[in-house]
Engineer: 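Quick one: the structure is below, and I'll ask about it shortly.
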Amino acid sequence: MNRNRTQNRMKRPAPPPRREESSGWPARIGVLLLCFFLERCVLNRLPLWGGTPLLMPLAAAAVGFLEGSGAGAICGLGAGLASALAMGSDGTALIWFDTAVGLVCGFTLDRALGRTFPGYLLCALGTMLLWEGLQAVIHILFLGDAAVTVLALAGAEGGYSLLFAPVIYLVFRLLHDRFRSEPEF
């Protein structure tokens with residue numbers, strides 16, 4: 001009788017090794033810092049049609065779109081604070097804007113679009129249209145700049161920024177797939 005119990009114990013497979021679950025936030029913060037560095041130090045010196053791209057709102061939109069509204073708002077707040085610190089008083093609006101972008105793009109994940117690339121492109125397009133539109137209204141109505149010049153610059157900045165949207169989505173999608181904590185249905 002004891003012999004059978006010993007044989008049964010020997011046939012049981014060993015439990016799989018325990019794996020530490022990582023949240024992936026250090027990697028996401030690293031990618032945000034890379035976007036910040038590229039936006040402020042590299043691409044700022046390479047204007048296209050007079051405009052320089054904004055990567056931080058697109059990164060906040062990507063995190064919100066892939067991770068949800070809470071994570072997107074927190075990421076947007078961090079991205080906005082970093083941009084505001086770099087730009088001085090000109091960048092304080094980015095704190096509110098990036099936070100709202102992360103929050104709203106997170107709600108689109110919950111409500112309508114899912115985690116698809118075309119859905120993110122819609123969020124990125126909406127983000128850039130809203131930001132450039134707000135900037136154009138401020139410059140035309142309150143600062144008295146010429147409408148043709150302001151709209152041309154807004155189009156150049158928005159289009160230049162959207163060139164980087166697929167790369168930003170791909171990087172954050174890879175991070176999301178690597179560090180996903182909830183099951184996807």
Side-chain angles (χ1 to χ4, degrees), residues 24-87 90-136 138 151 153-179:
W25 276 103
R28 288 180 185 94
I29 291 170
V31 172
L32 277 174
L33 289 174
L34 179 64
C35 287
F36 178 76
F37 174 76
L38 287 173
E39 177 184 317
R40 294 285 153 210
C41 297
V42 176
L43 297 173
N44 202 17
R45 302 186 188 286
L46 302 169
L48 184 64
W49 300 303
T52 58
L54 283 173
L55 302 181
M56 296 301 273
L58 295 177
V63 171
F65 186 75
L66 293 170
E67 303 296 332
S69 56
I74 291 170
C75 176
L77 179 64
L81 284 172
S83 295
L85 288 173
M87 295 174 70
D90 292 339
T92 54
L94 280 170
I95 296 172
W96 302 105
F97 183 77
D98 288 352
T99 304
V101 162
L103 187 70
V104 170
C105 288
F107 281 132
T108 62
L109 165 70
D110 297 336
R111 302 284 181 236
L113 298 176
R115 290 184 177 116
T116 62
F117 180 66
Y120 170 70
L121 284 181
L122 283 174
C123 283
L125 179 64
T127 298
M128 294 318 303
L129 283 174
L130 185 61
W131 177 254
E132 296 301 333
L134 288 172
Q135 291 295 310
I138 290 170
L151 292 176
L153 182 60
E157 285 182 352
Y160 195 10
S161 299
L162 288 174
L163 288 176
F164 295 97
V167 176
I168 290 172
Y169 175 79
L170 177 67
V171 170
F172 280 107
R173 180 65 191 210
L174 290 173
L175 287 174
H176 173 74
D177 290 344
R178 170 70 175 93
F179 297 108

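What's counted below: heavy atoms across the whole structure, side chains too, no hydrogens, waters or symmetry copies.
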Engineer: Residues in side-chain contact (heavy atoms from CB on, under 4.5 Å) with Leu153, at least two apart?
Structural biologist: Glu157

Engineer: Can you name the ring pair (Phe, Tyr, Trp, His ring centres under 6.0 Å) partners of Phe117, sequence neighbours left out?
Structural biologist: Tyr169

Engineer: Leu48: which residues meet the side-chain contact (heavy atoms from CB on, under 4.5 Å) condition with it, sequence neighbours left out?
Structural biologist: Tyr160, Leu163

Engineer: Start with the C-alpha gap between Leu54 and Met128, add the side-chain angles, then the distance that decides, and say whether side chain to side chain contact (heavy atoms under 4.5 Å, CB included) holds.
Structural biologist: CA-CA 9 Å; Leu54 283 173; Met128 294 318 303; 4.3 Å; yes

Engineer: If you round to the nearest 0.5 Å, how far is CH2 of Trp25 from SG of Cys75?
Structural biologist: 5.5 Å

Engineer: Could you tell me which residues satisfy side-chain contact (heavy atoms from CB on, under 4.5 Å) with Ala82, sequence neighbours excluded, listed by chain and number?
Structural biologist: Phe36, Met56

Engineer: Could you name each residue pair satisfying salt bridge (charged side-chain N to carboxylate O under 4.0 Å, His left out) that touches residues 26-41, not counting sequence neighbours?
Structural biologist: Arg28-Glu67

Engineer: In the structure I gave you, are the side-chain heavy atoms of Ser161 and Leu55 within less than 4.5 Å of one another anywhere?
Structural biologist: no

Engineer: List in chain and number order the residues that pass side-chain contact (heavy atoms from CB on, under 4.5 Å) with Leu130, two or more places apart in sequence or in another chain; answer none if no residue qualifies.
Structural biologist: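 If we apply the side-chain contact (heavy atoms from CB on, under 4.5 Å) test to Leu130, skipping adjacent residues, the hits are Phe97, Leu134.
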
Engineer: Nearest 0.5 Å, what's the CG-CZ distance between Asp177 and Phe172?
Structural biologist: 13.5 Å

Engineer: Please tell me if the side chains of Leu77 and Ile95 come closer than 4.5 Å, counting only heavy atoms from C-beta onward.
Structural biologist: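 In short, these two side chains touch, coming nearer than 4.5 Å.
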
Engineer: Of all the heavy-atom pairs spanning Thr127 and Ala61, show the shortest one and how long it is.
Structural biologist: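 Scanning both residues completely, I find the closest heavy atoms to be OG1-CB, 4.0 Å.
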
Engineer: Passes side chain to side chain contact (heavy atoms under 4.5 Å, CB included), Leu34 versus Leu38? Steps please.
Structural biologist: CA-CA 6 Å; Leu34 179 64; Leu38 287 173; 4.3 Å; yes

Engineer: Could you tell me which non-hydrogen atom of Ala156 sits nearest to which non-hydrogen atom of Gly51, and how far apart they are?
Structural biologist: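 Minimum heavy-atom separation between Ala156 and Gly51: CB-N, 4.3 Å.
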
